[in-house]
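Step one of this worksheet: look at the structure below.
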Protein chains: 2
Amino acid sequence: MTDDTTPEGTTAAAESDPAAADTDARTSPDAEAIGLAVSTVIFALRADDRFGAQGVAPTLWLPLVRRIRDPFDGRWALPGGPLGMTEGLADAARRTLGETTGLAPRYLEQLYAFGDVDRSPAGRMVSVVYWALVRSDEAARATVGQNVRWFPADELPELAFDHNLIVDYALWRLRTKMEYSRIAHALLGETFTLAQLREVHEAVLGKRLDPANFRRAVEGSDSIVDTGEFVTGARNRPPKLYRYDASVDLADNGPLPHP
Amino acid sequence: MTDDTTPEGTTAAAESDPAAADTDARTSPDAEAIGLAVSTVIFALRADDRFGAQGVAPTLWLPLVRRIRDPFDGRWALPGGPLGMTEGLADAARRTLGETTGLAPRYLEQLYAFGDVDRSPAGRMVSVVYWALVRSDEAARATVGQNVRWFPADELPELAFDHNLIVDYALWRLRTKMEYSRIAHALLGETFTLAQLREVHEAVLGKRLDPANFRRAVEGSDSIVDTGEFVTGARNRPPKLYRYDASVDLADNGPLPHP
DNA sequence: CCAAAAGTGTTGCTGTTACACCCATGA
DNA sequence: TCATGGGTGTAACAGCAACACTTTTGG
């Protein structure tokens, strides 16, 4: 960073003094490099079995990893790691997710880049954070171990770094986006009933929805397909089973390519 | 990056092999560092004076910087540069904006982090991109020079790197956000008429809006304050002058702190 | 038959669109 | 007084929330 080989970046100062950007205090020769990492907030819906109750409404959970070195040794943190030279940002998030849960995400989106000067006591660090949704049935058989544990999204301990803020922001994005996109589908299995889809919305948004109006809203959005099958066994009228219409995207990301 | 001092990042592999994340191919000792830069898409509204016409509807413009070194020597690019050790991401965007235009942004928001493996021919580079709005009256007296020039946002030349995609995405975000936030105000001066505010929306969205309905929508949003003054001189009824209500934010960024 | 949840119908409210109309000014 | 844009009023429409009602199963 002390020569003029900076591949990208063009300041106006370069017009009068091409070297200016490389010789000021910000990039002095003895400055350490800025670390670059990718972390992921992974959401899944789980039946809250902490009380052993049956038929309880599912809630949002996310996996955390216990740190085994300073800083924040012993504290829980978002899964992540340094960005590899040969992988894209989303690839790194996918890898992280797989290493932590053994799963592949049904939905993955970049959340934000966090780069405050003092966010890590161990040196300057910029984290590009993704958020992901995994299916509840898959999440049930996800990896668990001494240093990986699932937590309810609304009852997190004090996390390492600024990770509490990051999770708060991810939750806000999830709830905001739930109201105008189809991402709820990413939390369910291959087929599902409308009641299950409604439960997802209710769990994420934290409020009850009218079954009749919810049905019409979803049917009118043309994002689901009737499979013709039913679920029997319950002591009520058998509900229809639906499937996603894979031809419509879960969310509109504008001109960005799919992750 | 070859020892275990990685300040952040916690993979599940660490459970069985704490050093795994630091010894695999992604961070081999001889790997070069990944470059980290901040770029900014700066929007301003300008009367299109290319044809010398008067009273023409204003359109979106943005400043670009001509590169004076490889790769892409001679091509136009977004203003930006390497992130300094002692500045936050938004600070770097602000600095870039000031160095390019001599202005301070009225609105600044992180757009996206671009990090494809092959996006720069000169080595691995991750760019955290911001987008900004500056006031048209200020933009009129912004810096211009041999290597800084303003372009109409919809008639850009072929830019360096993936900067055409980045501008497309910034435009998409601007247009999307214009419909549900108050960011249009950031493109205007201290005081303005409702017709001017409507012109901003029309220029950005690319369609005509009903003056009557637009008035009611804005007045109902409680984001503007009547100054009690009028604009005289035109050969029509003098329009009221309004001012922003500074107590309301231009946009809702959830739990994120203000930039 | 009853409980429970699926699924349908209907009504009233609210916000938006389209457009007719009046107002105040400069020339 | 006329042209021009500022500003107000209003009827029609669309979408949605609330809720009554019917349907289909297991016990």
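Every chain is numbered from 1, with letters handed out A, B, ... down the list of sequences.
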remark   = Residues passing the side-chain contact (heavy atoms from CB on, under 4.5 Å) test with A/Arg182, sequence neighbours excluded, are A/His185, A/Ser221, A/Ser223, A/Val248, A/Leu250
message = Any residue in residues 184-196 of chain A with a heavy atom nearer than 4.0 angstrom to DNA chain D? Just list them by number, or reply none.
response = none
ask   = So which of residues 200-219 of chain A are in contact with DNA chain C, with a heavy-atom cut-off of under 4.0 Å?
value = A/Ala212, A/Arg215, A/Arg216
B/Leu97 backbone acceptor or donor facing B/Thr40 side chain under 3.5 Å = no
request  = Could you tell me whether the side chain of A/Glu179 and the main chain of A/Thr176 form a donor-acceptor pair under 3.5 Å?
outcome  = no
remark   = Contacts of A/Pro238 meeting side-chain contact (heavy atoms from CB on, under 4.5 Å) (sequence neighbours excluded), chain-then-number -> A/Phe230, A/Thr232
query = Contacts to DNA chain C from residues 174-181 of chain B, heavy-atom cutoff under 4.0 Å, which residues?
reply = none
query = So, do B/Trp76 and B/Phe151 have ring centers that fall under 6.0 Å from each other?
reply = yes
key: A/Lys240 NZ - D/dT23 P separation (whole Å)   = 15 Å
task = Only counting residues at least two apart or in another chain, list the ones meeting side-chain contact (heavy atoms from CB on, under 4.5 Å) with A/Ser181.
result = A/Lys177, A/Ile183, A/Ala251
query = Can you name the salt bridge (charged side-chain N to carboxylate O under 4.0 Å, His left out) partners of B/Arg215, sequence neighbours left out?
reply = B/Glu219
key: CZ on A/Arg208 to CD on A/Glu199, rounded to 0.5 Å   = 8.0 Å
Short N/O separations, protein against nucleotides 25-27 of chain C, under 3.5 angstrom:
{"residue": "C/dT25", "atom": "O2", "partner": "B/Arg235", "partner atom": "O", "Å": "3.4"}

task = Hey, could you give me each pair passing side-chain hydrogen bond (donor to acceptor under 3.5 Å, both in side chains) that has a residue in residues 244-254 of chain A? Not counting sequence neighbours.
result = A/Asp245-A/Ser247, A/Asp249-A/His258
Minimal non-hydrogen separation, B/Ser127 against B/Arg119, with atom names = OG-NH1, 3.4 Å
inquiry  = Quick test of your reading: applying salt bridge (charged side-chain N to carboxylate O under 4.0 Å, His left out), list the pairs with at least one residue in residues 128-141 of chain B, sequence neighbours left out, ordered by first then second residue.
reply    = B/Arg106-B/Glu138, B/Arg135-B/Asp137, B/Arg135-B/Glu190
Pairs meeting criterion side-chain hydrogen bond (donor to acceptor under 3.5 Å, both in side chains) with involvement of residues 164-175 of chain B, two or more places apart = B/Glu109-B/Arg173, B/Tyr169-B/Arg173
request  = Mind checking side chain to side chain donor-acceptor pair (under 3.5 Å) for A/Asp222 and listing every partner two or more places apart, or none if nothing turns up?
outcome  = none
ask   = Can you tell me how far P of C/dA5 sits from CD of A/Glu199, to the nearest Å?
value = 11 Å
request  = Whole angstrom is fine here: how far is it from CG in A/Leu241 over to C1' in D/dT25?
outcome  = 15 Å
